[in-house]
Amino acid sequence: MSNKILVTYATCTGSTRGVAEAIGKTLSEGGAEVDVLPMRDVKDLAPYHAVVAGSAIQGKLWLPEAMQFVQSHRLELARKPFAAFLVCMTLAMRNGESYRHFVVDFLAPVRALVKPISEGLFAGALDISKVPTFRDRLMFRLSVLFGVWKEGDHRDWNAIRSWAETLRPLLNS
């Protein structure tokens with residue numbers, strides 16, 4: 001097994017891909033060999049020493065493809081350093097940080113399958129034109145109208161890079 005790290009993700013509108021890429025870049029700047037891939041493209045974890053997996057949140061849960069990834073690979077993930085992250089618009093709400101204690105529970109189904117060595121919780125970006133269903137676009141438009149969210153990129157790149165830097169020693173254990 002190499003010292004290569006996999007950063008893998010599931011995304012709805014591309015926001016989570018950007019977070020995964022930033023994590024991968026930070027890890028590679030620290031000297032790690034990193035692959036950043038969508039979960040649907042990952043067939044084998046054998047080439048990787050460690051795995052960082054993340055998903056957008058929909059309905060207070062990781063996306064179905066992300067949960068399927070963890071379910072399918074749970075035995076392998078349990079034998080490797082494994083970190084998990086989520087990207088959630090709840091954290092972009094006014095006073096979003098006050099919801100962290102609530103949002104952390106969205107990773108409970110992942111924890112039930114594999115215990116992460118670290119968890120990252122990040123706000124996403126809202127571009128209503130990229131929201132896949134009419135119903136969800138309507139819900140987001142109403143939420144923006146009532147001031148729940150604002151459209152735009154709410155990702156905190158410094159927090160994402162800082163979390164990735166804390167992963168370096170954990171993933172090399």
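Residue numbers count from 1 along this sequence.
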Give the minimum heavy-atom separation between Q58 and C12, together with the two atoms involved.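 What the structure gives for the nearest pair is NE2-SG, 3.8 Å.
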Side chain to side chain contact (heavy atoms under 4.5 Å, CB included), that's the test. Do E33 and N3 meet it? Break it down for me. CA-CA 7 Å; E33 186 179 352; N3 283 332; over 6 Å; no
When rounded to the nearest 0.5 angstrom, what is the spacing between [atom1] in [X] and [atom2] in [Y]?
X: S162; Y: D156; atom1: OG; atom2: CG; answer: 8.0 Å
X: Y48; Y: D35; atom1: OH; atom2: CG; answer: 3.5 Å
X: K43; Y: H73; atom1: NZ; atom2: NE2; answer: 8.0 Å
X: T166; Y: I117; atom1: OG1; atom2: CD1; answer: 9.0 Å
X: L113; Y: L75; atom1: CG; atom2: CG; answer: 10.0 Å
X: R155; Y: I160; atom1: CZ; atom2: CD1; answer: 7.0 Å

Does any non-hydrogen side-chain atom of L107 lie less than 4.5 Å from one of P116? no
Side chain proximity check, D105 to K60, heavy atoms < 4.5 angstrom: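 No, their side chains stay 4.5 Å or more apart.
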Could you check whether any side-chain N or O of [X] sits under 3.5 Å from a backbone N or O of [Y], counting only pairs where one atom can act as donor and the other as acceptor?
X: T13; Y: K130; value: no
X: W149; Y: L126; value: no
X: R74; Y: Q71; value: yes
X: K115; Y: A112; value: no
X: H49; Y: L171; value: yes
X: R94; Y: G147; value: yes
X: T8; Y: M39; value: yes

Quick check on the hydrophobic clustering: are [X] and [Y] connected, directly or via other members, by side-chain heavy-atom contacts under 4.5 Å?
X: L63; Y: V51; result: no
X: V148; Y: L138; result: no
X: L61; Y: F140; result: no
X: I128; Y: M139; result: no
X: V34; Y: L170; result: yes

Within a reach of under 6.0 Å around CZ of R111, are more than 12 heavy atoms found that belong to other residues, nucleotides or ligands? yes
I would like to know whether F82 and V110 meet side chain to side chain contact (heavy atoms under 4.5 Å, CB included); could you show each step before the answer? CA-CA 11 Å; F82 168 69; V110 175; 4.1 Å; yes
Evaluate the criterion side chain to side chain contact (heavy atoms under 4.5 Å, CB included) for residue pair T90 and I57; output intermediate values, then yes/no. CA-CA 9 Å; T90 300; I57 293 294; over 6 Å; no
Using side-chain contact (heavy atoms from CB on, under 4.5 Å) as the criterion, point out the one residue from V42, V36, I23 that pairs with Y9.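 For Y9, the side-chain contact (heavy atoms from CB on, under 4.5 Å) check succeeds only for V36.
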Does K25 pair with E29 as a salt bridge, N-O distance under 4.0 Å?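 E29 and K25: salt-bridged.
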For T16 and F85: C-alpha separation, side-chain torsions, deciding distance, then whether side chain to side chain contact (heavy atoms under 4.5 Å, CB included) applies. CA-CA 9 Å; T16 306; F85 69 94; 3.8 Å; yes
Give the C-alpha distance, both sets of side-chain angles, the deciding distance and a yes or no for salt bridge (Lys or Arg N to Asp or Glu O under 4.0 Å) between R79 and E76. CA-CA 5 Å; R79 292 190 296 263; E76 284 179 279; 5.3 Å; no
Check whether the ring centres of W62 and F69 lie less than 6.0 Å apart, and answer yes or no.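 Here the rings of F69 and W62 have centres that are no less than 6.0 Å from each other.
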